[in-house]
Amino acid sequence: LKQGATINGALSFYFDVPRKFSPEQRRLLALVADQLGASAERAGALDLVRSENSALRRENEWLRQKVGEAEQGQRLKTEFLSNMSHELRTPLTSILGHTFLLASGQDGHLSEPQQTAIGKIDHAASALLRLINDLLELTHVNLGRAQVTVAPDDAVAIARRAAESAGSPPKDVEFRIESRAPRIPLYTDGEKACKILEKLLSNAYKFTVTGEVVLSVEGDVSSGTVTWMVRDTGIGIRPEDQRAIFDEFRQVDGSSTRLYGGTGLGLALSLRLARLLEGDLSVESVEGAGSTFVLRLPVGVSP
Ligand code: ADP
């Protein structure tokens with residue numbers, strides 16, 4: 001018996017006439033017993049593996065069910081957000097329309113305080129509409145319903161259009177577009193690319209008090225990509241926060257007393273749009289020194 005081995009059974013041999021086993025016979029029988037013991041052990045181990053396997057299968061089934069339930073819940077939440085945004089947009093469009101009519105003076109002359117009040121309503125309602133549109137677009141992308149319209153465009157022109165939509169930088173911040181080539185042709189959904197850059201620029205303006213914001217564009221023929229970089233000299237983002245900011249509704253400062261407004265939707269939507277256009281969006285940042293957001297898109301998206 002080997003050390004540490006367990007006894008699984010006994011093997012008995014009988015002679016019809018009494019005599020002793022020869023050493024040769026003993027060796028042979030020991031060999032047979034060893035083989036039988038090994039087989040018995042293997043059979044036992046096999047039984048154990050079989051029962052552990054079926055326990056694992058049951059656990060897997062349970063987990064699969066839970067994942068299914070979670071996915072169903074996630075889908076219901078997204079459907080709810082999508083329907084809700086849609087329903088909110090209709091009355092809001094009506095508010096904006098009537099605000100415009102009032103402001104235009106068609107329904108009579110407005111006093112100065114009335115004009116100021118109308119201006120504030122328009123500003124707040126427009127911000128709300130932008131937020132609802134973002135939410136609606138994000139839910140469309142998440143539900144796989146977003147439409148990509150690919151057409152010939154120019155990466156430099158996209159940068160200019162985004163800068164125009166983002167408005168003016170803060171008063172102590174200088175903004176410029178940098179590109180070595182006057183034009184960088186590409187096939188993409190220009191509206192979506194422009195929207196991503198507009199969000200990146202708005203964030204750069206929001207989180208930069210002094211210094212500069214630079215939007216650079218570069219095409220790389222060998223890899224067939226265009227890279228836009230939005231570099232700012234703002235507050236920066238700590239390394240441990242740099243992944244989370246791309247999650248839906250996530251902000252570095254999520255407290256109710258936070259300094260900067262926002263919903264934490266912009267980067268989540270931008271990343272999903274970039275992936276939809278077969279590209280990617282990433283960030284490099286040093287806290288206190290500034291951030292650079294990098295949008296990379298292929299020069300030719302498959303239609
Ligand atoms: P929002 O700006 O509406 O909160 P975003 O998804 O655009 O949502 O951004 C998420 C968070 O990422 C911001 O709240 C901020 O904490 C951080 N962030 C984004 N851009 C910058 C930037 N240029 N500089 C510093 N922090 C940034």
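For ligands, and for the atoms within them, numbers begin at 1 and follow the listed sequence.
When every heavy atom of Q147 is checked against every heavy atom of D189, the shortest pair comes out as O-OD2, 4.0 Å. In terms of heavy atoms, T208 sits closest to V173 at O-CG2, 3.6 Å.
Using a cut-off of 4.0 Å between Lys/Arg side-chain N and Asp/Glu carboxylate O, E79 and R145 are scored as salt-bridged.
The salt bridge (Lys or Arg N to Asp or Glu O under 4.0 Å) pairs that include a residue from residues 159-172 are D153-R161, where partners are two or more places apart or lie in different chains.
Using a 4.5 Å cut-off between side-chain heavy atoms of Ile, Leu, Val, Met, Phe, Trp and Tyr, with links allowed through other members, L281 and V294 fall into different hydrophobic clusters.
Listed by number with element, the atoms of ligand 1 under 4.0 angstrom from any heavy atom of L265 are 6 (O), 8 (O). Atom numbering of ligand 1 starts at 1 in the shown order; those under 4.0 Å from a heavy atom of I245 are 11 (C), 12 (O), 17 (C). The atoms of ligand 1 that sit less than 4.0 Å from any heavy atom of G266 are 5 (P), 6 (O), 7 (O), 8 (O).
Within the 4.0 Å heavy-atom criterion, the part of K206 lying near ligand 1 is the side chain and not the backbone. When non-hydrogen atoms are compared, ligand 1 lies under 4.0 Å from the side chain of I237 (C-beta onward) but not from its backbone. Under 4.0 angstrom from ligand 1, there are no non-hydrogen atoms of F246.
Within the 4.0 Å heavy-atom shell around ligand 1 one finds S291.
Inclusion of G236 in the set of residues having an N or O under 3.5 Å from an N or O of ligand 1 is not warranted.
Looking at residues two or more places apart in sequence or on another chain, you find a salt bridge (charged side-chain N to carboxylate O under 4.0 Å, His left out) between E69 and K66.
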